[in-house]
Structures are given as C-alpha cells and as structure tokens.
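Report on the structure given below.
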Amino acid sequence: MNSQNTQNKFLGALNEKQAEAVTLKNQSALVLAGAGSGKTLVLTSRVSWLIQNQIVSPGGILAVTFTNKAAKEMLVRISSQLPINTRGMWVGTFHGLCNRFLRKHHTDANLPETFQILDSSDQKSAIKRVMKGMNVNEEMYPSKEAQYFINSNKDKGIRSEGVKPHDEHTKKLNEVYAEYERQCQREGVADFAELLLRCIELFTNNSVIRNHYQSIFKHILVDEFQDTSSLQYQWLKLLTSKESFIFAVGDDDQSIYGFRGARVGNMKDFEKDYKIKNVVKLEQNYRSKNNILNTANAIIDNNKNRLGKNLFTDSGDGDLVRQYTALSEVDEANFIIDEIKMLHREGLRYDQFAILYRNNAQSRVIEHAIVSNNIPYRVYGGLRFFERAEIKNGLAYLRLISNKTDDNAFLRIVNFPTRGIGARSIEQLQDLAKNNDTSLWDAALEIESKNEVTKKGIPFFVNLIRHLEDEIHGLSISESIDKIVEQSGLKAHYLKDKDGLDRVSNLNELVSAAVTFLNTVEVDNPDLNLVEFLNYTSLESGELQASAGEDALQLMTIHSSKGLEFDVVFITGLEDGLCPHERSLTESDGLEEERRLMYVAVTRAKNKLYLSLAQSRMLYGQTQYNIPSRFLDEIPEGLIKRMNTVEKSTTNTWDSFSQLPTSSSINREIPIGRQVTHSKFGIGMVIGYEGGENDLRIQIKFKSHGVKLLAMEYAKIEPI
DNA sequence: CCCGAGGACCTTTTT
DNA sequence: GGTCCTCGGG
C-alpha cells in the first residue's frame with residue numbers, strides 16, 4: 001500500500017513518454033532525450049521504479065555518467081524518491097567505476113593495491129621523462145604529440161604491441177608508447193585511459209570475474225550515451241549478458257565531444273546490438289519558450305546525420321531572439337553588460353545570466369567589461385582546485401609516502417621547496433635507478449646509506465620523507481596533510497613568496513577537502529583511505545561547492561554549458577571562423593558538430609536569448625574581420641530581431657569605422673568590416689584595401705567564394 | 001638558484 | 001595579446 005503510493009508519486013510527475021521509458025519491462029532501451037526534456041528525471045525515476053517494483057535490488061543496478069557532478073546529482077535525486085541507502089549502489093563515472101573494479105581485483109589486473117592515478121599533466125611529465133630517458137629528440141617528437149598518440153591508441157583499445165607503424169615517425173612514437181607502458185607498470189601508476197583499458201582487459205581475460213559482474217548487474221543505466229567512446233561502449237557490452245539490460249539515455253543532437261573520442265555511432269550500434277524494439281523519444285521541452293526552441297529546431301534541422309527529433313513546448317512564444325551586430329569585441333561586451341544591467345534593474349538575479357563563448361580566449365574582454373562595471377561574475381573552466389601547483393606539490397608528499405615507486409611524485413618534490421638537489425644530483429639518481437632497475441626512491445636510499453645526513457641534499461630528503469611517514473602514522477588524512485604542509489617546508493616557502501598567501505590558503509583548503517572526504521567515506525582501513533583520497537583527488541576536479549549560491553554572472557564556453565539552463569543567455573562571437581570554428585571545417589563531421597554546439601548553446605536559454613557578433617575582432621593579437629556565422633542565416637526571420645550599432649545608439653554609427661585601424665590612408669568608400677553584395681560572388685565582408693589612388697583594390701571575404709581582391713573601379717559591389 | 005628575456009603556443013574537455 | 005616554458009647570465 002505504502003509502496004504503491006510512493007510509486008504513484010514519482011510516476012505521476014512524468015508525462016506519457018517519460019512514463020513509457022521509465023516503466024519498460026524486460027528489455028534494453030534507447031531513450032532519445034531532447035534538451036530540457038527531463039532526462040535526469042527519467043533516469044532516476046527508472047532506478048526508483050525498478051527498485052520499488054522489486055524488479056531489481058539496489059545492488060543489481062549499475063549507473064554510469066560522465067562527470068562526478070552528474071553522478072552525485074543522480075544519487076541525490078534517487079534518495080529523494082526512495083527511502084533507501086544508496087551506498088550499496090554502483091553509481092559513478094566510467095573512470096570512477098573502473099577504478100573501483102581495479103582496486104577490488106588489483107591482483108588479477110596486475111596492479112599494486114595502492115596504484116595511483118595520473119591526471120593529464122602527470123601523464124605528460126611521465127611521457128617527457130620516458131622520452132628523455134630514450135634520448136628522443138623533443139624537436140622532432142613533441143611530448144604533446146606522443147601523449148596524443150598514446151591516448152588515442154589506448155582509446156581505441158590498442159596496446160603498443162598492437163600498433164602497426166607504417167613509417168619511421170610512428171615507429172618511434174610507438175617505442176615511446178611501449179616504454180611508457182613499462183614505466184607506468186614499474187611505478188604502479190595508471191592514467192585515465194588505462195583505467196578503462198585495464199578494466200576491459202580484466203573482464204575480457206578473466207571469465208570468472210566477468211561472469212560474476214554480469215550476473216550481479218541486471219540493469220545498467222547510461223547517461224549521455226551520445227558521448228560514449230568505442231572503448232566505453234565495449235566496456236558496457238562486457239558487463240551485460242543475455243539476462244541483463246541497458247537503459248541508455250542520450251541526445252545525438254547534443255554530441256559535442258567527438259574531438260575527444262565520443263562516438264555518436266554508438267547509438268545506432270546499440271540499437272542493433274541490443275535489438276531495441278522501439279526508441280523512446282522525449283520531445284516535450286520544459287525549459288525554453290517557443291521562439292527559442294524553434295530557433296534551435298531550425299538550426300539543427302540543417303544537420304543531415306540525425307536520428308530525428310523535434311522539440312516542442314506549451315509554454316508560449318516568449319520574446320523574439322535578439323541578434324546584435326557589434327563593431328568590435330569591446331562593443332559586443334559593452335552591449336551585453338548594458339543589457340544585463342537593464343534586466344538586473346528589472347529584478348533578475350545575476351546568476352540567471354550566462355555569457356557563452358566558443359573559446360576561452362574570448363572571455364577576457366567580457367571580463368574586463370564586467371569588472372569595470374563592478375558586477376560579480378564567475379568564470380567556469382580553467383585551473384581546477386586539485387590541479388593547482390601547490391595542491392599537487394602537497395599531495396605529491398602524500399603520494400610518495402604511500403607509494404615509494406611513484407617517480408613522478410618523487411621528482412615533483414625532491415627539490416621542492418629547494419634543498420640543494422640540483423639537476424646533476426637528479427641525473428645521478430636517475431642513472432642509478434636505471435642501472436639497478438629500481439625506483440628513484442630506492443636509488444635515493446642507496447645514496448643516503450653511503451652519505452652523511454646534512455641540512456641539504458638527497459640524504460636529507462630521504463630522512464625528511466621517513467620522518468614525515470613516522471609523524472603521520474595513525475593520523476587522519478587531514479591531520480597528515482596539515483603536518484606535511486608544515487614540516488616539508490612548503491608552507492614556509494609559500495609564505496616567503498610575494499603572492500604565496502593564496503597558495504597557503506589553498507593548502508588549508510586541501511585540509512578541509514580531506515575532512516569532507518572522510519565524512520563521505522566509511523572508515524574501515526585508514527591506510528586504504530589515504531590511497532582512496534589520493535584517487536579522489538585525481539578523479540575529481542575538486543570544484544567542490546566553491547562559490548556556489550553566489551549571485552554572479554556565469555561565464556563559460558559553450559561546451560561547459562551543456563546540461564545547464566539560465567533565464568537569459570548570451571551567445572557571443574557568432575562569426576564564421578569562430579563559431580563554426582574554422583578548424584572544424586576541415587574535419588569530417590566538423591561542421592555538423594559545430595552546429596550541434598550551436599544547438600546546445602541555444603537550448604540553454606529559458607526566456608531570453610541574445611546572439612551577438614563583432615564586425616572586427618582582436619584575437620591572438622590580430623584583428624580579424626569575420627562574416628556573420630552561417631548559423632545565423634539558418635534562423636527564420638519571424639523568430640529573431642536583428643539589430644546593429646546604428647539602432648543601438650546614436651553615437652556609434654557606421655561613420656565610426658573611419659576610426660578603425662587601416663592598412664593605408666586612402667580614400668575608400670566602404671568601411672572595413674562592412675558587408676557587401678556582389679553580383680556574382682554573393683554576400684561578403686570588406687576586410688581590407690590594397691593599391692594606390694588610381695589602382696585601388698578592395699579585399700572581400702565572401703561567404704561562398706572565399707577571399708577575393710577586386711578592382712574598386714570595376715567591382716560590382718553594393719554595401720548592405 | 002633565481003630572475004628576466006625571448007620564443008612558441010593558442011578550439012572545445014572530463015576523467 | 002597573454003601565458004607558459006626554456007635558457008642563459010648574474
């Protein structure tokens with residue numbers, strides 16, 4: 001009776017399609033969930049429904065997401081729907097879950113119990129170290145390329161021995177890959193891709209373990225399925241048997257991570273592989289007004305490669321979308337701030353505004369305008385907490401103490417704060433380690449045993465670490481960090497630094513992060529807790545609840561806006577070359593992915609949507625004159641109001657173009673940045689002039705014919 | 001060892 | 001244009 005009520009409660013909150021998805025019986029399912037269609041609600045309701053109706057116990061559920069944030073949100077929402085302890089449930093990110101499997105079966109996975117996780121920057125320095133040891137020329141083989149080579153192969157499930165190098169260059173890269181694999185194995189560390197690959201190999205090679213998990217997980221749920229890589233899909237397949245089902249939720253129109261291995265094709269494959277009878281489409285949008293939604297629909301309709309979906313809403317037309325053509329990026333920023341100030345005066349909170357851009361470099365000018373108007377703001381992205389140098393340094397002490405073979409950690413701190421161990425001593429250590437085939441720590445031990453301990457040098461370092469290890473024995477993680485920060489000299493070092501106070505306070509925050517962590521973990525084995533904490537710092541970006549709830553403007557790239565919503569959204573830099581980005585045009589599926597990006601951006605808006613572009617834009621130290629984004633042309637006229645500087649104010653007229661920097665001081669009739677039409681080439685934009693008074697040539701970037709240099713005297717062009 | 005000059009880099013990003 | 005890295009002199 002009681003259970004019936006609870007069940008009705010959460011089923012009652014669903015529309016027909018959502019309920020259909022949630023209550024599917026005995027089958028795998030593909031749910032095409034449009035933007036704002038209640039995707040998370042469906043996912044969590046599905047879990048609750050399965051448990052409520054005793055189709056599966058909490059332990060028989062595996063739910064996978066991409067970010068820790070999404071995983072956490074899911075757990076919170078499930079526990080609000082059901083009075084159960086979610087601790088026993090397997091909910092997490094792909095990497096987090098792999099980590100969990102590998103810890104549990106570390107012996108079978110051929111990893112030490114305390115194996116540590118390398119983040120991308122750790123990985124990069126590890127690769128650099130490998131290349132140095134092999135005497136590989138960094139000029140010819142940049143470490144970045146090697147890193148890309150290694151990761152893209154791992155992401156395809158290919159080990160170095162499986163690579164078939166077709167030229168000398170790849171052959172060399174693959175030697176680096178092979179050596180890197182050996183180094184990681186020796187040091188007991190795993191990079192992100194390794195977690196997944198190692199886990200897949202574990203399941204593939206060990207049928208006992210595979211069968212065990214296949215029989216446990218009856219229902220596997222996957223969020224953001226369109227973002228899964230082929231390796232992740234393979235992982236999912238290994239976890240399912242004939243008796244288990246996958247419930248995949250995704251939106252092919254929001255697939256914007258192709259560049260990092262996401263494979264939208266997994267959706268079609270999944271339909272086939274799991275014999276999906278009917279794909280459930282969630283097309284009712286609960287977020288945006290009609291004009292915004294129709295704008296999004298019109299844009300995405302230009303993509304050929306779609307599963308097909310059309311969002312609708314019954315929330316009314318709302319305001320027209322507004323397009324603003326600015327003179328420059330500064331003008332664009334000022335326009336945005338003016339609009340925000342106006343709407344804020346009308347009572348909108350600052351945190352209900354999002355300013356979106358295609359790349360991070362665009363944020364500077366906007367930030368400048370915000371700062372000079374004294375408005376609070378927050379920029380997403382950038383350095384995360386656990387990626388900060390001082391945090392990584394502090395953690396490296398912990399890492400080394402818990403895993404002496406971690407050479408990365410060793411090198412990071414052996415001379416930090418400086419203690420008289422220069423490049424020479426380190427080289428010596430590395431030679432010794434190489435000859436004895438040991439870790440740097442063991443090499444350091446050998447040197448220590450033969451030398452007197454002084455105030456500096458390697459023997460001093462060895463004893464410092466030993467001392468720290470003794471000191472923190474039996475202490476909690478937070479107390480340990482506190483001790484280490486103090487006694488390693490880190491704190492003193494940063495206090496001396498002129499802008500080191502921030503770093504010291506970050507280190508203090510690390511102590512509180514450890515306290516928070518301990519509160520969320522069941523305390524059984526304190527030693528393993530330390531290892532788990534270290535993994536947590538690698539797997540979790542650590543943005544924490546930092547400045548959440550603060551009433552501030554939200555600045556972020558379009559990519560990081562996915563999944564969020566705001567009352568008012570500004571999409572900036574809508575120029576061809578920026579959005580769509582010029583580099584995307586040469587990639588296969590590039591333009592369509594950019595269009596999906598535009599679609600994601602538009603669908604973030606609830607009530608008001610502004611699209612802005614600049615006729616001239618200073619980017620990377622150069623002024624560009626771009627033509628308006630082709631996506632703007634895809635918006636039907638009835639939905640949008642197009643404005644430019646003339647309409648905005650009387651001080652900024654077309655005349656102000658005469659103040660723009662010019663290549664020469666010739667008398668020209670059409671200002672740079674102005675749009676023109678040509679009888680043959682169509683629409684374009686004036687980007688410059690060449691030649692003298694008698695032979696003036698105008699340079700125009702045309703939408704469909706590229707850049708042309710035309711004789712001013714004869715060119716049949718008309719300003720628009 | 002520290003600092004400053006000079007050079008290369010610059011799409012998107014989570015784990 | 002800004003940042004990050006490297007290298008060389010003090």
Side-chain angles (χ1 to χ4, degrees), chain A residues 64-71 92-99 117-125 128 138-139 142-144 151 154-155 190-197 199 223-224 227-229 231-232 255-262 329 356-365 367-368 380-384 386-387 389 415-425 456 493 496-498 535-543 556-563 573 577-587 590 593-594 596-598 600-601 617-624:
Chain A
V64 206
T65 62
F66 274 86
T67 65
N68 292 299
K69 197 175 148 205
T93 63
F94 280 100
H95 293 87
L97 293 168
C98 285
N99 179 44
I117 299 166
L118 302 184
D119 70 16
S120 329
S121 64
D122 296 332
Q123 183 190 36
K124 194 167 186 186
S125 42
K128 273 190 176 168
E138 269 251 27
E139 304 263 280
S143 56
K144 203 182 157 191
N151 286 337
K154 282 195 182 188
D155 284 340
D191 59 47
F192 288 135
E194 184 71 27
L195 292 175
L196 215 66
L197 185 50
C199 201
D223 190 16
E224 307 272 17
D227 286 336
T228 50
S229 65
L231 211 53
Q232 285 160 339
S255 159
I256 54 173
Y257 286 110
F259 67 93
R260 67 172 201 217
E329 77 280 5
L356 309 182
Y357 34 81
R358 177 65 236 269
N359 69 32
N360 289 303
Q362 288 169 255
S363 76
R364 186 179 320 284
V365 182
E367 283 184 66
H368 181 79
Y380 283 75
L383 249 209
R384 301 178 195 311
F386 290 124
E387 284 169 0
N415 196 36
F416 193 91
T418 47
R419 44 182 78 91
I421 302 171
R424 253 177 307 118
S425 335
K456 306 161 89 160
H493 175 265
K496 265 193 310 198
D497 212 77
K498 56 180 184 303
N535 287 307
Y536 165 82
T537 65
S538 312
L539 289 173
E540 186 99 12
S541 57
E543 276 201 72
M556 64 195 85
T557 62
I558 302 176
H559 279 92
S560 33
S561 75
K562 199 172 95 173
L578 244 190
C579 186
H581 198 277
E582 57 187 344
R583 285 175 69 165
S584 71
L585 302 178
T586 53
E587 292 158 17
E593 179 146 323
E594 294 290 302
R596 293 193 288 267
L597 201 52
M598 182 70 188
V600 166
R617 178 178 299 275
M618 171 83 106
L619 204 61
Y620 304 131
Q622 276 182 326
T623 306
Q624 306 175 348

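Here is the naming used below: chain letters follow the sequence lines, and residue numbers restart at 1 for every chain.
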Taking atom P of B/dT15 as reference, at what distance in whole Å does atom CG of A/Asn68 sit? 5 Å
At 4.0 Å (heavy atoms only), tell me whether A/Asn360 reaches a base, stays on the sugar-phosphate, or touches nothing. sugar-phosphate
Taking atom types as modelled and ignoring hydrogens, do the side chains of A/Gln232 and A/Ser229 form a donor-acceptor contact shorter than 3.5 angstrom? yes
Aro-ring/base stack A/His581-B/dT11, d under 5.5 Å, angle under 30°: yes
Expressed as a whole number of angstroms, how long is the span from A/Gln624:CD to C/dG1:P? 13 Å
Does a nitrogen or oxygen in the side chain of A/Asn151 sit under 4.0 Å from OP1 or OP2 of B/dT15? no
In whole angstroms, how far is the P atom of B/dT15 from the CG atom of A/Leu195? 13 Å
Residues that A/Glu593 engages under salt bridge (charged side-chain N to carboxylate O under 4.0 Å, His left out), provided they are two or more places apart: A/Arg596
If you take atom types as modelled and just measure distance, does the side chain of A/Ser120 reach the base of B/dT15 with a donor-acceptor pair under 3.5 Å? yes
Just checking A/His559 against A/Tyr357, ring centres under 6.0 Å apart? no
I need the CZ-C1' distance between A/Arg358 and B/dT12, as an integer number of Å. 5 Å
Remember a base hit wins even if backbone is also touched, and classify A/Glu587 as base, sugar-phosphate or nothing at under 4.0 Å, heavy atoms. base
May I have the distance from A/Tyr620 (atom OH) to B/dC9 (atom C1'), rounded to whole angstrom? 10 Å
Please tabulate the protein-to-nucleotide N/O contacts below 3.5 Å involving nucleotides 2-7 of chain C, giving atom names and distances.
none

